[in-house]
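The figures here come from the full heavy-atom set of this structure, side chains too, leaving out hydrogens, waters and symmetry mates.
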Amino acid sequence: MRKSIEDRLEDIREDPKKLKRAFTAIWVVAYAMLMLGAFIIIAVIFTERF
């Protein structure tokens, strides 16, 4: 039987290991998006200037 999203979130909140894993995954994705955005901005600035 499939769990609902609410059940999964509750399981994650109750289990410290799952909470740490979820936090780490979200942090890594957010940081990667930040770096990608910075790279795109720098690339656009350099291509417009030269």
Side-chain angles (χ1 to χ4, degrees):
M1 188 170 187
R2 299 184 79 171
K3 287 185 175 182
S4 69
I5 294 174
E6 186 178 348
D7 291 338
R8 289 176 196 246
L9 288 175
E10 192 172 320
D11 287 345
I12 289 171
R13 281 191 212 111
E14 290 173 356
D15 187 5
K17 249 185 188 175
K18 287 182 182 178
L19 186 62
K20 183 180 185 299
R21 193 177 318 136
F23 176 79
T24 302
I26 292 169
W27 190 88
V28 166
V29 169
Y31 191 74
M33 289 176 71
L34 177 68
M35 290 296 110
L36 180 64
F39 177 74
I40 290 171
I41 289 169
I42 290 170
V44 168
I45 289 172
F46 276 115
T47 56
E48 292 293 320
R49 207 173 277 227
F50 300 114

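More than 12 heavy atoms of other residues, nucleotides or ligands shown are found within 6.0 angstrom of CE on M35. Other residues, nucleotides and ligands place more than 12 heavy atoms under 6.0 Å from the CG atom of L34.
With rounding to the nearest 0.5 angstrom, the CG atom of D15 is 12.5 Å from the CD atom of E10. Atom CZ of R2 sits about 12.5 Å away from atom CG of D7, to the nearest 0.5 Å. Annotation: the span from T47 atom OG1 to I42 atom CD1 amounts to 12.0 Å, rounded to 0.5 Å.
Contact detail for K3 and R8: the closest heavy-atom pair is O-NE, 3.6 Å. Smallest separation of non-hydrogen atoms from I12 and L19: O-CB, 3.5 Å.
L36 and V28 fall into different hydrophobic clusters, where Ile, Leu, Val, Met, Phe, Trp and Tyr residues are linked whenever their side-chain heavy atoms come under 4.5 Å apart, directly or through other members.
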